[in-house]
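Beneath this line is the structure, given in structure tokens, with notes to follow.
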There are 2 protein chains.
Amino acid sequence: MPYTSDYPIFAVTVDIVVLSLVGNELCALLVKRGGPPYEGRWALPGGFVGPTEGLLAAARRELLEETGVSTGTVALEQLRSYGEPGRDPRGRVVSVAHLAVLPEATTPTAGSDAAGAEWRPLAQLEETGLAFDHAEILADGVERARSKLEYTTLATAFVGAEFTLSELRRVYELMWGRELDPGNFQRKVKHTEDFVEPTGETRPSPVGRGRPAAVFRAQSPEIRILARPITRD
Amino acid sequence: MPYTSDYPIFAVTVDIVVLSLVGNELCALLVKRGGPPYEGRWALPGGFVGPTEGLLAAARRELLEETGVSTGTVALEQLRSYGEPGRDPRGRVVSVAHLAVLPEATTPTAGSDAAGAEWRPLAQLEETGLAFDHAEILADGVERARSKLEYTTLATAFVGAEFTLSELRRVYELMWGRELDPGNFQRKVKHTEDFVEPTGETRPSPVGRGRPAAVFRAQSPEIRILARPITRD
DNA sequence: GCAAAAGTGTTCCAGGTACACCCATGC
DNA sequence: GCATGGGTGTACCTGGAACACTTTTGC
């Protein structure tokens, strides 16, 4: 009985929807629960917020512990909070969910308290496969990411520091499940201010054939609002 | 010492950014704090979430207690959560902020624990006038509302059940601080599906002169996504 | 040369903007 | 009639969609 309070007691956790495109599939970073409740089930990485720790700081710490990712440069933002009574059998727990987007290269390092962390393709998740209300949180995170591709530079968070416009287009195509016209995409992105800038380098096509592609980098490491959106429709 | 826990203890509150257009000014519903901390300062309505109460339910209850508004029909949604350590001198408090929008007609009824609730014009608020971090929360709420006017039917929440298109246009103009072309606004709104529908009535101009305006109602009481946005620029 | 990916040019069209103009009312 | 706000018509322009076409590579 280490903690006492005059107010109704809540525990506060952070859960993180970590998304990446692995191979040609949208994947979430999930951990297999090593103990009850929901032992053996997949869950979002996350954990309790420390008594003197900020919410975003807690999310950064959990992300670091689960993935080993240097979190300074990572796209990480608050998603929303989930606090229905009964969502956690251990007691009244409010979870402040966050959304993170990582480039494909990132390999999860087995975490501290997690039995194992893995990229799991969203297409293969069963409806009831996730612990707690994490399926709902994950769905909300994916929708937020799909939506932010439209009006922010979030797509650059899915690719490495240097990328071709085909790689960037692939992000949109996989996330939206829809093909985009390569020519129009190229022009649109290049003419949108504060989005990408050319490095001057070129890179041969991964399939061998075809003209080498110009290499770009994000104009800014932070995610910014685009002057004109990349429309989804 | 009525409450104990095995996990770090947090208290969870809801705070509500309640916006309305009163006269020709954007106002927030604020309460004057009747006790410490921040005694005598203006604050957002809100309070502790009950042990078995959902977050949205808590926000609804607080809104009802402060304003007497029947909350079934009100535009109310979660905004985001604020949980920096030190934001509340009483201890570690995470606040799940909500955003509500009310029509001008709404009069606040003096609340239970609030010394007094009043519509306060945002333009006249001093930077440091609000308790806690409520100035930041309020600013985030206003920005969310301004943004949601673009791509949802939120504007209808600022006016009564029946309204003219001039009244609706006034919502955009006041919130965005910019005049819109009356003719183009009219056509745009009428041709946007699932936004407004005519009642068949007309209403004389409030200033006496001029052609009477057709009366409309929201196509749906819920706030919906617009097929094509009302652009802000 | 041929296939394929990168990148450019061009045409067409929907929708927004600006603004002229007509309509319906009070005085 | 005149002022005023409601509402429609219209000409112009911008930006996106579709797609033809050129460029640069590997084989």
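Below, chain A is the first sequence line, B the second, and so on; all start at residue 1.
With hydrogens and angles left out, the side-chain atoms of B:Y82 and B:D15 include no donor and acceptor closer than 3.5 Å.
C:dA6 atom C1' lies 17 Å from atom CD of A:E201, rounded to whole Å. Atom CG in A:L226 sits roughly 16 Å away from atom C1' in D:dG15 (whole-Å rounding). As a whole-Å value, the separation of B:H191 NE2 from C:dA14 P is 15 Å.
Among the nucleotides C:dG15, D:dT25, D:dG7, the one closest to any side-chain atom of B:R228 is C:dG15. In the set C:dG7, C:dG16, C:dA24, the nucleotide with an atom closest to the side chain of B:R211 is C:dA24.
In this model, no side-chain donor or acceptor of A:R209 finds a partner on the base of D:dT25 within 3.5 Å.
Looking only at side-chain heavy atoms (C-beta outward), A:I137 and A:F132 stay at 4.5 Å or farther from each other. A:V159 has its side chain out of reach of A:R170: every pair of non-hydrogen atoms, C-beta onward, lies at least 4.5 Å apart.
Note on A:R87 versus A:E136: no salt bridge recorded, every NZ/NE/NH1/NH2 to OD/OE distance being 4.0 Å or above. With respect to A:E143 and A:R80, no salt bridge is recorded, no charged nitrogen being found less than 4.0 Å from a carboxylate O.
Along DNA chain C, the nucleotide nearest to B:G210 and the one nearest to B:D233 differ in position, and the one closer to the 5' end is contacted by B:D233.
Of all the residues in residues 157-190 of chain A, A:D181, A:N184, A:R187, A:K188 reach under 4.0 Å from DNA chain D with at least one non-hydrogen atom.
For the side-chain hydrogen bond (donor to acceptor under 3.5 Å, both in side chains) test, no residue two or more places apart in sequence or in another chain qualifies with A:K188.
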